[in-house]
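Taking it in order: structure first as structure tokens, then the write-up.
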Number of protein chains: 2
Amino acid sequence: MLTNRQLQVLQVIVDDFISSGQPVGSRQIAKKDNVSFSSATIRNEMADLEDLGFLEKTHTSSGRVPSEKGYRFYVDHLLKPQVITNQEIASIRSIYADQLMETEQMIRESANILSDLTTYTSVILGPDVHMHKVKRFQIVPLSSTQAVAIIVTDSGHVENRVFTLPEDFSMRRIEKVVNILNERLVGKPLVEIPLRMDGEIAKLIKEHVGAYSDFVSSLFNRISAQEEGRVYYGGKTNMLNQPEFHDINKVRMLLDLMDKTPQVQTLFQAGNQQGVQIRIGSENNLLAMEDCSIITASFDAGDNQHGSIAIIGPKRMDYKRVVTLLDFMSGDLSRLLTNNR
Amino acid sequence: MLTNRQLQVLQVIVDDFISSGQPVGSRQIAKKDNVSFSSATIRNEMADLEDLGFLEKTHTSSGRVPSEKGYRFYVDHLLKPQVITNQEIASIRSIYADQLMETEQMIRESANILSDLTTYTSVILGPDVHMHKVKRFQIVPLSSTQAVAIIVTDSGHVENRVFTLPEDFSMRRIEKVVNILNERLVGKPLVEIPLRMDGEIAKLIKEHVGAYSDFVSSLFNRISAQEEGRVYYGGKTNMLNQPEFHDINKVRMLLDLMDKTPQVQTLFQAGNQQGVQIRIGSENNLLAMEDCSIITASFDAGDNQHGSIAIIGPKRMDYKRVVTLLDFMSGDLSRLLTNNR
DNA sequence: GTTAGCACTCACTAACAACGAGTGCTAAAA
DNA sequence: TTTTAGCACTCGTTGTTAGTGAGTGCTAAC
């Protein structure tokens, strides 16, 4: 167990390093008002903290830098949430001023505000479309060979795919299929569609319009498979301000990562849990994120659906501030999205 | 007018600089097989070319670098198109192998291939949706207060917006509006919708369902205004490989630019014209593009619609190669998209 | 008109010293 | 026993200097 003094020293070092980005030395700490021991004492404590794995040195005679374990301890035990300022509240709430704004646009705007407020990169994972329920299904023929299939969900989300019609598909048959599908699928969540298509509905379609069930079901698989939760970014290039990202290769990996939706989604795994989650450096199990931390919070979008909101920043990001902001904002978003329904 | 020898010297310098990225000196040129004069002669020619504004020096005793004017002259008069290799043709054509691929996915894939082939960043501007014609219009109610409006175009593109219903809008009235709109709008290009909405249709709706025309027309404005041609990128981070982009600020400006669709579209202004267009550095009139060149070509997507395909690279990009590839690829795309209709 | 020769420029590199922020350790003070 | 002052040592950073080499412009000879 750490002594009180060790806790204090660790806290001061992490805080100091977060705000300065420079390794912090014993003299610097000793000069602080709330520290009453000499630099030599602190040097001893620092050596102990280093032995315990909480601190690191960049070279033999430099100041200390928190290790990942150090950050982890800091966020788990030493993090005192910051108070949010009125000004910050104002700029967050300004998003919701325009009542007519669509949900999607509002989420986009939230991402921007969040990245402006933090100077880091923000990510918002829209509510998982899989749980949305089918409101209407429709096929619109474009020509004698092509048509577009459309699914409208209860959330107002519209999915569509262009497909090539089988040669002998007549208008009447299309209508019949559409009717069957609407009868059977309206009210069901998107995720269940492929399942249902393979069972009862395949039979029904076979009975009424012939053996085209294969074709229809493959169409549906394509529709529901592709649609993952949408990802929105704010301040994608903010990380270029951080001195730790002057390395072009790191920047490149990170930027490339952001265009790969599935990989980004794995970063949110633990985001399902309640409250704010913090993942530090290698805890993300992703090479590109080795020097980054991600802080996530989930919000409620009604109907048992939830999205996630996150900040990606350097490991030495301002955890206090970001945690507070995310907590506040996810609460606001939840309230807004559940009331709207 | 430039002498033959000056032309040759300029050509060699530009070619050399493009491939090496280093300022090129008189001795280097003299050593080339196809150059038969001494370095001193070349020095004199270079001094003249510099006076004429085609070359620049980075400092008093360094080799020469092409100026923007030099590049311009090079692409206008000295550019001999390269032959395209079978291997390149093969990788381009591999995109079209999968007949079932949707147009959008194919365009996305084209952008990727193009950036891989060139190691620069590729941009594809999808066909302008404004010219697509309305195929079907529809309103799907979601709840007592909200509904989603859907427009399907003849190309299979689907536009949709969620909107809040006026309080006294009944299902019957909605159907009536939908009918009127379908009667009057099917077959008309999207771009004409706002115009028509203000004229005849406003009257019709007023006659049949009361004074809701304002509401409907504002809805339509929102639909057709927002939808610009879609922009697809390939190799967004490729530019980080170029030594001229080790400057974080340039990278940042460029990456930020890429997320601003309207600004990117201005880069394609001249792309309407036939054939391949080259814009060098400040010719783009855009700070972020000061050190970049963009080469564009347009392709035909049938029905008098066209898209653009472009490569963004450093000013010293391999113009020969890129011009050839773009020319070839735009032709291929045109053939493919016009046949498909 | 062309070219050899030469003095000059200037970025780049290596070597070196001086500096300073930091450490670990020891011994004295509390 | 704990804390602290003192000191030797480490190592990154900065500045200086000199040497190198790729390049130029100019002049005079070919």
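Every chain is numbered from 1, with letters handed out A, B, ... down the list of sequences.
At least one donor-acceptor pair closer than 3.5 Å links the side chain of A/Gln8 to the backbone N or O of A/Asn34.
Residues satisfying the side-chain contact (heavy atoms from CB on, under 4.5 Å) test with A/Thr85, not counting sequence neighbours, are A/Gln87, A/Glu88.
Taken residue by residue, residues 36-51 of chain A places heavy atoms nearer than 4.0 Å to DNA chain D at A/Phe37, A/Ser38, A/Ala40, A/Thr41, A/Arg43, A/Asn44. Looking at residues 54-65 of chain A, you'll see A/His59, A/Thr60, A/Ser61 sit with a heavy atom under 4.0 Å from some atom of DNA chain D. A heavy-atom distance below 4.0 Å to DNA chain D is reached by these residues of residues 9-25 of chain B, ordered by number: B/Gly25.
The one candidate from A/Glu283, A/Glu244, A/Glu68 that meets the salt bridge (charged side-chain N to carboxylate O under 4.0 Å, His left out) condition with A/Lys315 is A/Glu68.
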Show your reasoning for whether side chain to side chain contact (heavy atoms under 4.5 Å, CB included) applies to B/Lys236 and B/Asp259. CA-CA 11 Å; B/Lys236 261 190 180 183; B/Asp259 286 332; 3.5 Å; yes
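Among residues at least two apart or in separate chains, there is no ring pair (Phe, Tyr, Trp, His ring centres under 6.0 Å) pair with a member in residues 6-51 of chain B. Within the structure, no pair that satisfies the side-chain hydrogen bond (donor to acceptor under 3.5 Å, both in side chains) test touches residues 111-124 of chain A, not counting sequence neighbours.
Side chains of B/Ile92 and B/Leu325 form a contact here, defined as non-hydrogen atoms less than 4.5 Å apart. Side-chain contact between B/Met239 and B/Leu254 is present, with at least one heavy-atom pair separated by less than 4.5 Å.
Look at B/Arg5 and you'll find a side-chain N or O under 4.0 angstrom from OP1 or OP2 of C/dT2.
For B/Arg27, the CZ atom is loosely surrounded, since the number of other residues' heavy atoms within 6.0 Å does not exceed 12. Counting heavy-atom neighbours within 6.0 Å of B/Arg72 CZ, excluding the residue itself, gives a total above 12.
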